[in-house]
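Worksheet: one structure, shown below.
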Amino acid sequence: GTLDDVKARGQLNCGVTTGVPGFAEPDANGVWQGFDVAVCRAVAAAVLSDSNAVQFVPTTGKTRFTALASGEIDMLARNTTWTFSRDVDLKFEFTGVNYYDGQGFMIPKELGVSSAKDLDGATVCIQTGTTTELNLADFFRSNNISYEPVPIETGAEAVQQYTAGACDVYTTDASALAAQRANFEDPDAHVIMPEIISKEPLGPLVRHGDNEWGDIVRWTLNALITAEELGVTSANLAELAGGTNNPEINRLLGTEGDLGGMLGLDGDWAERAIGVAGNYGEIFATNIGEETPIGLARGLNAQYTDGGLIYSPPFR
Amino acid sequence: MTQAQMQVSDEVAIEIRGMNKWYGQFHVLRDIELTVNRGERIVICGPSGSGKSTLIRCINALEEHQKGSIVVDGTQLTSDLKNIDTIRSEVGMCFQHFNLFPHLTILENCTLAPIWVRKIPKKEAEETAMHFLEKVKIPDQANKYPGQLSGGQQQRVAIARSLCMRPRIMLFDEPTSALDPEMIKEVLDTMIELAEEGMTMLCVTHEMGFARQVANRVIFMDAGQIVEQNEPEAFFNNPQSDRTKLFLSQILGH
Amino acid sequence: MTQAQMQVSDEVAIEIRGMNKWYGQFHVLRDIELTVNRGERIVICGPSGSGKSTLIRCINALEEHQKGSIVVDGTQLTSDLKNIDTIRSEVGMCFQHFNLFPHLTILENCTLAPIWVRKIPKKEAEETAMHFLEKVKIPDQANKYPGQLSGGQQQRVAIARSLCMRPRIMLFDEPTSALDPEMIKEVLDTMIELAEEGMTMLCVTHEMGFARQVANRVIFMDAGQIVEQNEPEAFFNNPQSDRTKLFLSQILGH
Amino acid sequence: MTTITDTPAPASFRLSSLINDTRYRSYTFQFIALVAIIATMAFIGGNLVRNLAAAGLNISYDFLGAQAGYDINQRPISYESTDTHGRAAIVGLLNTLIVAFLGCITATVIGVIAGVLRLSPNWLVRKLMSIYVEMFRNVPVLIWILIIFSIMINTTPAPRAFKGEDATASMWFFDSVAVTNRGVFLPKPIYESGSLIVGIVFLLSIVGIFAFRRYARKQLYDHGKLIPTFWPSVALFFVPAILAQLVLGNPITLEYPELKGFNFKGGMTVRGSLIALWFALAIYTGAFIAENVRAGIQAIPKGQTEAAGALGLRPGRIMNLVVLPQALRVIIPPLISQYLNITKNSSLAIAVGYMDLTGTLGGITLLQTGRAIEAVLLLMLFYLTISLSISFVMNIYNNSIKLKER
Amino acid sequence: MTDTNVSFVRTEQIPPSPPPAAEAGIVKWMRENLFSSILNTVLTVIAAYVIIRLLMGIVPWFANGVWEAGSMRECRDILAGASGACFAVLVDRWDHLLFGFKYPPEAYFRIVIALVLLLVAALPVLFQTVPRKLLLFTGLYPFIAYWLIWGGSLWTPLMLLALFVLTAMVYRLIGEQISTDMRKIAAAVVGLIAGVGLAYLLFIGAGELGFIANSIGTSGALNTVAYGAFWLMSGFTYLFFIPMGIFVGYAIYNSYEGGGLVSVVTALLFLYAALTFVFGPVSDGLASVVGLELQAVASRDLGGFVLNMILGTVCVSLSIPLGIALALGRQSDMPLIKGVCVIFIEFIRGVPLITLLFVANVMLAYFMPPESNFDLVLRVIIMITAFSAAYIAEVIRGGLAALPKGQYEAADSLGLNYAQATRLIILPQALKISIPGIVNVAVGLFKDTTLVSIISMFDLVGMIRGPIQNATEWIGVYWEVYGFGAMLFFVVCYGISQYSQWLERQLQTDHH
Ligand SMILES: Nc1ncnc2c1ncn2[C@@H]1O[C@H](COP(=O)(O)OP(=O)(O)OP(=O)(O)O)[C@@H](O)[C@H]1O
Ligand SMILES: Nc1ncnc2c1ncn2[C@@H]1O[C@H](COP(=O)(O)OP(=O)(O)OP(=O)(O)O)[C@@H](O)[C@H]1O
Ligand SMILES: [Mg+2]
Ligand SMILES: [Mg+2]
């Protein structure tokens, strides 16, 4: 199975994007950084005990599925929406959701538009490569308004067109909108509209059929989430790993039970995964949280206990 | 038939006075003085680079001269386009490499200029063309393309093409030097025939047999100057200048 | 020296029986019968297109014949590559346009085939080559490229190149017709020398002087057939067929 | 002469004849090659089947019939997001053809002008043209497409710049044409009753132009009268149709583009993406064509011009009657490959968001359906067909004008 | 009536004199080159206007350029509204633009050395006057460059080199040096091995075809046809697997006299055996004794302009032999071989490179055995090589066609066989004629390597469009990076095309 391949190789091949700020981008030193990247690193740490034993394979919208299907990559952690046909028809297995997104619109304030329903006749820049085009078409068709789509390949080019006024509206996942707006010359001149026209649950995926490997990816992600829920942070990780009186934490960190063994890993796997960059909340905060230039609020991505959708099945 | 039997009138066909030409700093033609009467047949010879080609190209305004005057058939050669046109329609020219138009048939080659320059109706132009093609003995090739003809045939077509413009003066620039020996004769025969009809001709050539047979006058050029001119017999048998003697000894010894 | 003085053995070098060749539907060679003895020197002439080149190219398997048999030095020319190779290494050929290899020096031209085909060590091959280059009187050009030589020299190199393979039979296809008159003599001299040494030669040529001087036999071809063959004196002075007479009158009158 | 026909018995067949006999040799080699090809196919095909099975995929073109779900902004034929992927591919194909066609024409015009100007006696023009040619020939077309697109977006005004009292941009030609960074908005003709007649008149006048030119040629050939054709042709082109339009009381009206809401409405739109791609391809390929044209003209020996001059032809006529007809024969073969290059390079359209074949079938369709193999195969098939047709047609033309040789 | 006074003799020479004053100097130059006619004057004015406008736009942008800043925002602050470039991005991302973002910075010097050596290696190929001895270095260069760029143990390229040399030696040994009897024995052995091997391969292939047929099934008319066709081919192959093996074995055996086929096959067999059985263990063993290691770098980590350079040089050099083979194949008089070559060439020339890159990216992996997993760079190299081979084949075909028929005939009449004639006579001449054409293809190909950015490789353009433009601090840069990229390509391509023009002139004078 994939697990053996990865172990034999000593390296995890993880498909990412060619660059989305905050989610996956190489920094000035050429090191991949970002929210999606952190998932890959966590898996690598869990499996190979080395968060740097990851080969990041940049993929485009077109190439990501074949890269995964052909075995070039072991997992894809790229803003890929979990949809029925991808899961069923293309034969992939989505192992969870690390970011709940939705498609939104950004528009210059001066146009004075307050609702997406007022966009009749607008020119809309779309960053192609995901489900965006389809959502957009559905939205305008169901609201019976006309528009002019302008498909753009990269986010940077879309922004360029949008800021030059070549389109009135820019649509893509709300997270990216926020991230890009933050870098505008004058961010306040643009508003993100309230309508979110689609559900975009983004998460890592693996090939169909290798359930052991799928489980590892799924539960590594869940470990990060559970860690936040249970208050396990990178600061107190070492201390808690010594054993606590919370059995759930103990099971998570391997001091109780043998969850790791069931996965084909050792007992410390989750500790290592969390140790890379902290729990889900910490990863969020360092990569895309409100303190970063991306400046995303937790919103839907808060723990269920805080009214969000982030929810991990129990570790038992 | 010798040259004496062909008539030469007193009328002046070409008059060149104090003509000078430079290529950049290089003085190719120096103080050329030359008068050609109507009906005269002049052969120009001289070593390579002496300016023979340049001289006859100046007469046809293919090259500009910078000093002196050239009067052809009473028309002064200036940079005035009208005069150039007049002169060019009076003067026909044959080149060493024939320069037929490869994309046109022989007949079209011959009728192109009459139709577009002389504004002669096509039918009439074709009749004239056929007449001259007959004269150069290749009427049957009229609908072929130049590429399909031998060198000698091509040169004869080139002559016919010039004749179709009914020029009063013909210039030849080494018309036979690119030909195989067998073909030279064909072309020279055509030229001799032309000479017999009294065409005024200036011919750069080294065919000395031809010069003896048809020329009224042979001009020897060297270093851009006319060094010697004389009737053919006198020229060949009794050259005056040393330069001429040397040249003749080379050419005839060959 | 006349042909009578050169020895001709009884051994058969080339035997052609009922050979026919077609290009598509066109019957180029018709029922050719020809026996060449070792040491014979045969000149083939005939009007253009009569199939002379085709005949000697068939002997060298450059063209395939479709009917009849060709036996060269006891080897039957079939489609078997081995036989073809054997024959080609027995038979040298000189072309009208020399076909030297322009990217190799004269010496390399001469040693290429001995080294690669005969597998002779390079050094030895070079010695042989120099020997033959001396024979054709251009040893000093050995390190030049063909492009730097005159036509006559090139043709002599071509002969030397063939000789280096030590062929027992030489074929010549109009070896002098692409040359300027001065150079023809050089080449003919070389060929005469070769003939004197007793090389079996088949030569397509219109150099009648050469034919008279060295040939044992002159063959006249027309329309793909051998029309007449005879000893040179008899052939030139007393041709039998009308076709031959006509041809000779044209060629000698020229 | 004796005619013995003792044909030799054909060399007896041995196994080694298969290799050594010229009669069988080539069959042997081809047979071996055939077996090798089949074996290679088997290898590749077997792997393909096995890999697809392992990935749980199957080759199927059913997706072409499924609903596409995305919109395309430039639709030569009607298309909705509810139409099929197949139809979307056709739309893309037509868009490819449109940009390739426009590109070829414009590149030819640019190339011919630049090529002729490179031979101009004017030093400055000559240098300028060679800078143009070298600059474009030596930088990748993708970079040029991106740069030109960017220039277009950033130097032309956005529609909203036309808005309001203090508009920073204004329309051209009496408010009929708007040049924006979304494209160019042009008046669109509206056909009312009677416009058919105007149309017919216009067509007739075009026929008339050809007839007139023939007539002029005939006059020259038959009566030696040279009639100028340029201005009469221009007049013929415009006057009858305009007259008909006036006489019939303006049956054809123009719908002018107007700024309404976000965009200009009404009229015709030439989208920015099309313009950028078209322009980039044309100007890039134009540089190559310019070189071909220059080489073609220079390949005509100077003797041709001189001979024509000596016959008394004027320079313009020399160009038309002698030089160009010959140069054309030199220029056409490389021109064919430049046309093919434009078509192939148009596949970079997606870089500027133009929805060509690669953008639809090879882009969003591939992306949405994940049918990579099928989509890529179809894509190659389409391009191959286009390329082969272009070179087929151009080769026929080329052969028809070839020079006759001995 | 004749002019009696024709005779004339010049007694003194006219010395050459300088041309009249109006015919020289700058005024004349201006008159002739700028203002010779009304049209030209107008053109001059227009051209001057265009140039001035362009300069007015570009010069201030350049002059105001900011070279030191940490981000786009800082640039904007420094410029404070004035028009100006933000060249700071070039400074900041210089390494990435040239080498990609993953290549270890401490190994940059290796690439620089490899590129410099490339120039040296190219010299003897490009200039006839350079000593021929340098060609030896050219032959060694690929191995050196491989080691420098990809790193790893030096033993790998060294062993490869040794294997190639050994293979050549085996070839010569069998072909020339051993006695005829020995060669007969060798021929028998090699023929047996090759025959059995071939029969085995065909047997496997036939099975494979049947497998394909079965997995297609017979649902649908098209499938039924394909099913039939595959079974037919399978049957054909089954029928012939033993006869083919025997025949090929026999053919090799039978050709012992010529020596050619035997030695080629022996050499290939040797190479194959050595690569599979000896190569790995020995080079590993040697590496464990003496390291000679450079830090290994994965192909994936190559990027930036260097990736363009590597793809360009590797693909062009690989495609020349392939192109030659295709061109010869296309000239062949065997319809099947000719047909295959024509189809390949026309197919490749008929589709855009990016569709082929898509194939490399999404399809090629499916054509390979499931366990083999070679990386994207290699796949891309394969496709680009195939692509440029088709174009080079056409160039070489032109060169072959330009050779006079007499050259072939002379070679034939001297008894050279096809391989000898081709190698010694035809190719050297045809290639020489084709060099300018090949150089042009190479320039085109080098430019086209930017298309790999479309399949998510980080070459120069990919680097710009991906990581740099999406970097948080550099959002909004455009002209600076593209201008820089354009300039890099311009310098290289212009240099090469000037070379090719020089060469063309050189060849022209050669011919006379
Ligand atoms: N376009 C030109 N530019 C510069 N110099 C030229 C040009 N054409 C000819 N010349 C020079 O002018 C001189 C005379 O040339 P011309 O062709 O008139 O000589 P020629 O007597 O016809 O020689 P040939 O017998 O070789 O034809 C030569 O030295 C030549 O090099
Ligand atoms: N490859 C070919 N295909 C078809 N016909 C050919 C071919 N080669 C030669 N011929 C024809 O065969 C005939 C004989 O040609 P061949 O070259 O043998 O004549 P030849 O006697 O050598 O003439 P020449 O004196 O002109 O060399 C000619 O009519 C020629 O047109
Ligand atoms: Mg001259
Ligand atoms: Mg012949």
Side-chain angles (χ1 to χ4, degrees), chain D residues 15-16 18-20 26 28-30 32-35 37-39 41-54 117 120-125 128 134-135 137-144 146-147 150 340 343-345 347-348 350-351 358 362 372-373 376 379-380 383-384 387-388, chain E residues 32-34 36 40 43-44 47-48 50-51 201-202 205-206 208-209 211-212 215 233 236-237 240 244 247 250-251 254-255 333-337 340 347 349-355 358-359 362-363 365-370 447-448 450-451 453 461 478-479 482 485-486 489-490 493-494 497:
Chain D
L15 196 49
S16 61
L18 285 180
I19 314 161
N20 286 333
S26 73
T28 314
F29 286 152
Q30 292 185 69
I32 294 178
L34 180 67
V35 175
I37 292 166
I38 292 181
M41 273 180 54
F43 174 72
I44 292 177
N47 285 333
L48 182 65
V49 170
R50 221 164 265 129
N51 285 324
L52 287 180
L117 285 184
S120 147
N122 189 320
W123 179 86
L124 199 60
V125 171
L128 207 59
E134 294 301 347
M135 223 167 75
R137 276 187 347 146
N138 289 310
V139 171
V141 62
L142 181 58
I143 293 187
W144 277 125
L146 293 169
I147 288 183
S150 185
L340 293 179
T343 315
K344 288 184 274 173
N345 283 339
S347 60
L348 300 177
I350 193 60
T358 319
I373 297 179
V376 170
L379 197 60
M380 292 201 290
Y383 277 109
L384 201 59
S387 295
L388 291 181
Chain E
E32 280 189 356
N33 288 303
L34 296 179
S36 61
N40 264 326
L43 281 178
T44 304
V50 169
I51 292 172
L201 281 182
L202 287 184
E208 203 80 334
L209 284 168
F211 168 71
I212 299 172
S215 50
M233 284 195 277
F236 173 81
T237 318
F240 281 101
M244 278 299 281
F247 176 71
Y250 173 74
N254 187 57
S255 70
D333 43 15
M334 299 183 220
L336 183 75
I337 294 187
V340 170
F347 171 75
R349 279 159 38 95
V351 300
L353 178 57
I354 70 164
T355 60
F358 285 162
V359 170
V362 304
M363 281 167 70
Y366 288 113
F367 294 149
M368 296 299 151
K447 289 187 293 169
D448 280 349
T450 49
L451 301 192
S453 64
V461 174
Y478 217 88
W479 311 103
Y482 281 126
F489 274 99
F490 181 83
C493 296
Y494 186 71
S497 66

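This is a predicted model, so every value here is computed, not measured. Naming: A, B, ... by sequence-line order, numbering from 1 per chain.
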Show, in sequence, the C-alpha distance, side-chain angles and deciding distance for E:F358 and D:M380, and conclude whether the side-chain contact (heavy atoms from CB on, under 4.5 Å) test is met.
CA-CA 10 Å; E:F358 285 162; D:M380 292 201 290; over 6 Å; no

Mind running side-chain contact (heavy atoms from CB on, under 4.5 Å) on E:Y366 and D:L48 for me, showing each step along the way?
CA-CA 5 Å; E:Y366 288 113; D:L48 182 65; 3.5 Å; yes

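Counting heavy-atom pairs closer than 4.5 Å to chain D, the top residue among E:P335, E:S497, E:A206 is E:P335. Across E:C493, E:S215, E:G205, the residue that shares the most heavy-atom pairs under 4.5 angstrom with chain D is E:C493. Comparing D:L117, D:N122, D:V35 by how many heavy-atom pairs each has under 4.5 Å with chain E, the most go to D:N122.
With a 4.5 Å cut-off on non-hydrogen atoms, E:F240 touches chain D through its side chain but not through its backbone. Neither the backbone nor the side chain of E:L353 comes within contact range of chain D, judged by heavy atoms closer than 4.5 Å. For a residue to count as touching a neighbouring chain, one of its non-hydrogen atoms must lie under 4.5 Å from one of that chain's; by this rule E:T450 touches chain D with backbone and side chain alike. For D:I44, the parts lying near chain E are the backbone and the side chain together; criterion is any non-hydrogen pair under 4.5 Å. Proximity to chain E involves both the backbone and the side chain of D:L34, based on heavy atoms less than 4.5 angstrom apart. Only the side chain of E:T237 comes within contact range of chain D, judged by heavy atoms closer than 4.5 Å.
Remark: side-chain polar atoms of E:K447 are not paired, donor with acceptor, to backbone N or O of D:L142 under 3.5 angstrom.
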